[in-house]
Amino acid sequence: MKLSRGYYLDEDVVAIARDLIGKTLVTNFEEGITAGIITETEAYAGIHDRASHAWGGRRTKRTEVMFGEGGIAYVYLCYGIHSLFNIVTGLENIPNAVLIRGINAIRGIEIMRNRFAGNLPLNGRINGPGRVSRALAINTGHNGTNLTGNNIWLENNANPQIQLKVTSHCRIGIDYAGEDAFLPYRFLLNG
DNA sequence: CTGTAGATCGTCT
DNA sequence: GACGATCTACAGA
């Protein structure tokens with residue numbers, strides 16, 4: 001079942017980041033449907049989170065979508081190469097978002113393999129936010145896409161037992177965030 | 001297996 | 001004009 005708009009309106013972005021583990025992320029573009037079970041996430045929590053692009057209330061053309069109401073995609077270019085896919089959550093004017101860092105491919109695996117020129121790991125484990133976007137063909141053009149539409153959406157068909165296997169950790173690649181780099185806002189399946 | 005350099009461009013200073 | 005919520009290839013041990 002597709003997650004509804006209401007799911008994304010929860011004000012606790014950290015709780016959502018944890019809850020998203022085990023959910024299915026789906027895209028449907030020209031080549032067909034591709035999907036994977038989310039195995040790794042990170043929460044970015046509002047203007048007081050130094051690791052967030054919206055830290056200190058920085059509201060620019062790039063971060064504008066983060067200030068929107070929950071249920072839309074925030075996609076931005078990293079290191080000039082990688083499109084990183086985030087899910088905006090919570091209320092309007094409060095910039096909360098969840099970065100998707102890893103999935104297990106479960107549908108359209110051959111399509112994904114082609115997107116990696118045949119280099120997709122055979123076991124279907126896709127870790128790293130850049131590779132997740134590449135596998136699902138998400139790019140910066142999808143910034144602001146509604147996640148209850150027909151191109152990108154999430155499904156709640158996961159095994160509830162998965163929630164018992166979620167572990168929390170420090171976030172990655174944000175050494176500039178000072179104390180906030182140690183917040184346990186990163187969630188993993190199976191440790 | 002570990003470490004590191006290079007890629008590459010939009011965004012912000 | 002510098003740098004980043006990264007990935008890959010390749011060198012060396």
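Excluded from the calculations below are hydrogen atoms, water molecules and symmetry mates; all remaining heavy atoms, backbone and side chain alike, are included. So that the names make sense, note that chain A is the first sequence line, chain B the second, and so on, each numbered from 1.
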(request) Taking only heavy atoms on the protein side, list every residue of residues 85-96 of chain A lying under 4.0 Å from any atom of DNA chain C, sorted numerically. (result) A:N86

(message) For the backbone of A:S83 and the side chain of A:S133, can you confirm whether one donor and one acceptor N or O come within less than 3.5 Å of each other?
(response) yes

(request) Would you confirm whether A:N96, through its side chain, and A:G46, through its main-chain N or O, come within 3.5 Å as a donor-acceptor pair? (result) yes

When you get a sec, tell me which of [options] is the closest nucleotide to the side chain of [X]?
X: A:Y79; options: C:dA5, C:dT8, C:dT6; value: C:dT6
X: A:R58; options: C:dA5, B:dC12, C:dC7; value: B:dC12
X: A:M66; options: B:dC12, C:dA5, B:dC9; value: C:dA5
X: A:R62; options: C:dA5, B:dT11, B:dC9; value: B:dT11

Touch check for [X], heavy atoms < 4.0 angstrom, all strands: base, sugar-phosphate only, or nothing?
X: A:I174; result: sugar-phosphate
X: A:R101; result: sugar-phosphate
X: A:I81; result: base

Review item, side-chain donor-acceptor pairs of residues 134-149 of chain A, under 3.5 Å, at least two apart:
unit_1	atom_1	unit_2	atom_2	d
A:R134	NE	A:R115	O	3.1
A:R134	NH2	A:R115	O	3.3
A:N139	OD1	A:G141	N	2.8
A:H142	ND1	A:N139	N	3.0
A:H142	ND1	A:N139	O	3.3
A:N143	OD1	A:V75	N	3.0
A:T145	OG1	A:H142	O	2.7
A:N146	OD1	A:T148	N	2.9
A:N146	OD1	A:T148	OG1	2.6

(request) Return no unless some side-chain N or O of A:R131 is found under 4.0 Å from OP1 or OP2 of C:dT8. (result) yes

(request) Would you indicate, yes or no, if C:dA5 has its OP1 or OP2 atom less than 4.0 angstrom from a side-chain nitrogen or oxygen of A:Y176? (result) yes

(request) For B:dA5 versus C:dC3, give the span between their P atoms, rounded off to a whole number of Å. (result) 16 Å

(message) Could you check whether A:R62 makes a cation-pi contact with A:Y76, meaning its NZ or CZ is under 6.0 Å from the centre of the six-membered ring and within 45° of the ring axis?
(response) yes

(request) Can you tell me the pairing partner of B:dA5 across any strand shown, Watson-Crick or G-U wobble, with both distances under 3.5 angstrom? (result) C:dT8

(request) Verify the distance criterion only: is there a donor paired with an acceptor across the side chains of A:Y74 and A:H53 at less than 3.5 Å? (result) yes

(message) Is the shortest side-chain heavy-atom distance between A:F187 and A:V166 below 4.5 Å?
(response) yes

(message) Using heavy-atom distances to pick each residue's nearest nucleotide on DNA chain C, tell me which of A:A97 and A:F116 is more 5'.
(response) A:A97

